[in-house]
Amino acid sequence: MRLSTLLLAGCLVAGHALADSSVKGHVSARQDWLRADGEDAGQWLEGALEGQARHEDWEAGGLLLGRYRSAYRHTQPENAGDLERELRAHEAWVGWQGESSRLRMGRQQLTWGQGDYFRVLDVFNPLDLREFLLPYLDDFALGRVTREMAIFDHQGETLEQQWVIGVDRARTKLAPAGTPFAMAALPPLSVIDNEPEHPVDIGWRGRFQLGDTDLALHAFEGWHPDTFYQLNSNFTLSASAERRRLIGVAFARPMGDWVLRGDLARGLREPVATLTGPETVRQTQALLGLDYAVNDWTWNLQASVRALDDAPAGLIGRSTAWDGSLGLRKEWPRLRLGADALVLTHQEGNDGALWRLGLWREVWTNTRLRLSAIGFDGQAQNQYGQFDAQDRVQLELRHSFSH
Amino acid sequence: MRRLLPLLAGLLASASFAASVDPVALMQSVRDRDLGQDRQSEVSLVQTLPDGFVRKRELKFLEKDSKDGERHSLLYFIAPADTAGTGLLMTSYSEAKGREDDQWLYLPALRKSKRVATNSKEGPFLGTDFSFADIERLRVADYRYKVIGDVTSQGRPCYRLEANTPDGLENPRTGYSRLVIDIDRERNIILHQDFYRGAQKIKTFDVKKMEQVQGFWTVTDAVMTNLAEGGQTQFLTRGARYNLGLADKLFSQMTLSSGLR
């Protein structure tokens with residue numbers, strides 16, 4: 001166990017002794033069965049403890065996360081990493097908050113844009129995809145790779161501004177070869193790492209209201225979270241980090257019982273993978289979403305498109321890609337019952353989809369039993385279709401606590 | 001005949017009383033009751049389901065009125081645990097402006113705030129027996145009013161009003177077609193209310209306890225009983241404080257994302 005993790009655990013307990021503090025968390029146990037043959041796909045245990053403490057204008061917060069995944073018990077040690085057992089300080093920050101300004105520094109996460117699942121403007125924290133999106137469909141904050149950042153917010157009369165500096169490189173975490181959610185395109189070869197020594201990300205956001213419409217302008221200069229691979233002539237892989245620059249705008253506007261929202265990003269410097277290595281292009285990405293929430297019904301509908309200005313020779317993938325999502329949720333609070341459905345689709349010359357159906361009941365106070373069915377469909381080259389063998393049924397018991 | 005005389009006298013008194021009180025002005029006095037410039041409290045919503053299951057929700061609540069009639073509110077959820085850390089920022093506008101509320105919901109699982117549509121108010125507030133319409137700022141123009149009597153409710157002298165929609169149908173925003181309202185004559189507080197959908201009485205609201213805090217009458221215990229589906233929700237307020245000098249900038253998305261305070 002890392003010293004920082006122990007320190008955070010101690011701070012969470014000590015901080016709670018202060019008058020102005022809050023603590024919450026959960027413990028969860030889950031059993032997975034693969035749908036094809038009913039094979040036991042293992043147990044999954046998770047515990048999270050999150051706290052904040054304040055003293056006058058000073059504040060500190062953290063999130064301690066621990067997991068055990070039995071499915072990785074027999075994975076080769078060099079491949080498994082900490083997939084079987086992990087305990088880490090997912091967030092640990094200190095800050096100061098005045099009447100109209102706030103500064104937070106430390107390991108944290110930040111969300112930009114109006115999109116859910118599709119990250120048009122959400123550029124600071126990459127995702128932990130070692131089990132693809134499955135652990136994070138309900139708690140996306142646990143799926144982001146947190147990083148050292150300084151975030152300064154200032155609330156003006158009409159404009160709320162945010163300046164961000166990320167001082168370490170945060171990379172998308174992918175499943176190692178030989179594990180259930182390993183990317184099909186990633187060969188199990190040794191990798192020569194060509195990472196930058198002092199990577200820095202810088203961002204600015206200005207948020208304001210125009211009539212009934214929320215508007216936010218964004219600017220980012222830094223590094224792409226994905227590692228780009230190049231197969232060398234001696235059958236080794238070179239990994240490199242590539243620079244990224246984008247500007248964008250996000251909006252949200254209520255319309256009766258609906259909310260229309262969207263993101264638009266212009267990538268002025270965007271790396272893409274080609275057969276001869278990463279190339280820099282310009283691209284435009286747009287997302288439009290609709291939310292409806294009335295009488296315990298919630299509907300979410302999203303469509304997103306990414307288009308390159310010019311497709312470089314040897315481009316891996318297509319110059320235009322579409323994503324879509326449909327989410328439905330219905331709760332019956334008097335019966336302590338709820339149900340949801342989610343479909344994510346990706347189209348890039350080939351089609352693929354992830355779908356999930358869920359049903360839950362509050363069996364005791366703060367304790368929920370959930371049954372989910374998850375399926376992947378599509379061609380093997382598609383980001384969802386490649387996991388077609390991982391269709392599964394999950395039964396999860398989760399107890400939450402707060403104080 | 002001697003028995004009928006007091007009843008007749010009472011009816012005549014009610015009739016003359018009904019003619020002397022302007023029901024719309026009465027409802028406006030309830031809506032515009034002095035609650036100070038700003039206020040803070042902790043709220044518990046204790047819901048008892050028909051099967052006996054008890055669900056408790058706890059909130060921290062901040063509110064401030066501005067000079068142009070806007071009311072800014074911040075709600076932070078402390079319990080139940082699966083919604084702890086969620087925040088709601090609201091701006092409601094004066095009834096004369098005819099503008100729907102602005103609302104943003106901060107979701108800790110996403111680490112971001114989302115704009116929320118506020119057109120329909122008939123849905124349950126946090127799954128309880130209170131609807132969003134029940135807890136929002138009173139809108140007098142939703143109904144037409146008539147004073148129907150002078151009653152004692154919760155041991156206090158009250159005016160009894162009947163409120164009906166102009167067309168007799170359910171109000172599309174609140175879901176109620178008729179209300180019977182008992183208003184404390186001195187304190188301008190609703191002490192009892194019956195809610196109807198068509199001919200069916202579906203809910204009743206009763207104030208159980210009031211306290212004077214810094215000179216402001218504060219409802220500290222009230223119950224909404226669900227007659228249509230069974231069960232009830234108790235609304236408890238504690239730690240109320242008024243005129244704290246809360247800054248306007250406190251009611252911002254920046255504060256909303258700061259979590260519990």
Side-chain angles (χ1 to χ4, degrees), chain A residues 20-22 24-26 50 52 54 59 61 97 99-102 109-114 116 122 138-142 144 153-155 160 162 207 209 212 214 252-259 261 291-297 331 333-336 362 365-366 368 398-403, chain B residues 47 49-51 53-56 58 60 76-85 91 99-105 107-124 126-129 131-132 175 226 229-231 247-250 252-255 257-261:
Chain A
D20 193 3
S21 67
S22 63
K24 66 169 187 166
H26 68 262
E50 184 176 0
Q52 283 188 33
R54 286 189 175 87
E59 57 181 357
Q97 180 159 358
E99 186 177 298
S100 56
S101 301
R102 180 179 72 187
Q109 56 183 300
L110 174 68
T111 309
W112 273 7
Q114 295 284 345
D116 296 332
D122 191 16
D138 297 314
D139 206 340
F140 215 62
L142 296 182
R144 288 201 182 87
D153 291 279
H154 177 74
Q155 176 70 51
E160 181 192 319
Q162 183 174 71
R207 196 157 58 178
Q209 215 177 340
D212 285 339
D214 295 351
R253 179 183 174 83
M255 299 188 310
D257 291 332
W258 295 83
V259 172
R261 57 186 165 85
D291 300 327
Y292 172 86
V294 168
N295 288 348
D296 299 318
W297 276 100
E331 291 190 55
R334 303 188 150 273
L335 300 172
R336 292 179 275 143
E362 190 179 2
T365 300
N366 292 328
R368 180 176 286 188
R398 179 180 172 124
H399 178 75
S400 305
F401 55 88
S402 65
H403 187 71
Chain B
Q47 183 181 20
L49 297 179
D51 63 1
F53 186 88
V54 176
R55 188 183 281 139
K56 190 173 182 182
E58 291 188 53
K60 281 188 178 178
Y76 287 115
F77 299 77
I78 304 164
D82 60 353
T83 57
T91 300
R99 181 176 168 180
E100 289 298 331
D101 300 352
D102 287 328
Q103 286 189 8
W104 295 265
L105 186 68
L107 299 164
L110 298 177
R111 293 289 194 274
K112 71 174 174 184
S113 52
K114 300 192 84 167
R115 189 70 183 260
V116 183
T118 58
N119 200 38
S120 175
K121 305 280 189 180
E122 65 175 306
L126 303 176
T128 67
D129 297 294
S131 70
F132 282 92
N226 193 323
E229 299 176 272
D248 287 341
K249 288 178 178 176
L250 190 63
S252 67
Q253 288 194 61
M254 187 185 85
T255 310
S257 64
S258 292
L260 299 172
R261 289 190 73 86

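None of the values given here were measured: they were computed from a predicted structure. Heavy atoms only: backbone and side chains are in, while hydrogens, waters and symmetry mates are out. Each chain gets a letter, A, B and so on, in the order the sequences are listed, and its residues count up from 1.
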Can you tell which of [options] has the highest number of heavy-atom pairs within less than 4.5 Å of chain B?
{"options": "A:Glu362, A:Glu99, A:Glu331", "answer": "A:Glu362"}
{"options": "A:Gln209, A:His154, A:Arg253", "answer": "A:Gln209"}
{"options": "A:Ala293, A:Ala252, A:Ala141", "answer": "A:Ala141"}
{"options": "A:Asp212, A:Asp153, A:Leu110", "answer": "A:Asp212"}
{"options": "A:Trp297, A:Trp112, A:Tyr292, A:Phe401", "answer": "A:Phe401"}

Sub-4.5 Å side-chain heavy-atom contact between B:Thr255 and B:Tyr76
yes

[X] versus chain A, heavy atoms under 4.5 Å apart: side chain, backbone, both or neither?
{"X": "B:Asp248", "answer": "neither"}
{"X": "B:Phe53", "answer": "side chain"}
{"X": "B:Asp102", "answer": "side chain"}
{"X": "B:Glu229", "answer": "both"}
{"X": "B:Arg55", "answer": "side chain"}
{"X": "B:Leu49", "answer": "side chain"}
{"X": "B:Glu100", "answer": "neither"}
{"X": "B:Lys56", "answer": "neither"}

Show, in sequence, the C-alpha distance, side-chain angles and deciding distance for B:Lys114 and A:Asp116, and conclude whether the salt bridge (Lys or Arg N to Asp or Glu O under 4.0 Å) test is met.
CA-CA 11 Å; B:Lys114 300 192 84 167; A:Asp116 296 332; 2.7 Å; yes

B:Arg99, B:Gln253, B:Gln47: which one forms the most heavy-atom pairs within less than 4.5 Å of chain A?
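Sorted descending by pairs with chain A, the first entry is B:Gln253.
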
Partner chain A: residue of B:Ser131, B:Gly123, B:Ala109 with the largest heavy-atom pair count (under 4.5 Å)
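Looking at each of B:Ser131, B:Gly123, B:Ala109 in turn, B:Ala109 comes out on top.
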
From A:Glu59 atom CD to A:Ser21 atom OG, the distance as rounded to the nearest 0.5 Å:
13.0 Å

Can you measure from NZ (B:Lys249) to CD (A:Glu160) and round to the nearest 0.5 angstrom?
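B:Lys249 NZ to A:Glu160 CD: 11.5 Å, rounded to 0.5 Å.
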
Mark yes or no for whether [X], through its side chain, and [Y], through its backbone, hold a donor-acceptor pair below 3.5 Å.
{"X": "A:Lys24", "Y": "B:Ala84", "result": "yes"}
{"X": "B:Arg111", "Y": "A:Gln109", "result": "no"}
{"X": "B:Ser258", "Y": "B:Met254", "result": "yes"}
{"X": "A:Arg334", "Y": "B:Gly230", "result": "yes"}
{"X": "A:Ser402", "Y": "B:Ile78", "result": "yes"}

Report which part of [X] has an atom under 4.5 Å of a heavy atom belonging to chain B: side chain, backbone, both, or neither.
{"X": "A:Gln155", "result": "both"}
{"X": "A:Asp139", "result": "both"}
{"X": "A:Arg336", "result": "both"}
{"X": "A:Asp138", "result": "backbone"}
{"X": "A:Asp214", "result": "both"}

For B:Gly231 and B:Pro50 the tightest heavy-atom approach is N-CG, 4.1 Å

Atom of A:Gly256, atom of B:Ala117 and distance for their closest heavy-atom approach
O-CB, 3.5 Å

Show, in sequence, the C-alpha distance, side-chain angles and deciding distance for A:Thr111 and A:Arg144, and conclude whether the side-chain hydrogen bond (donor to acceptor under 3.5 Å, both in side chains) test is met.
CA-CA 10 Å; A:Thr111 309; A:Arg144 288 201 182 87; 3.1 Å; yes

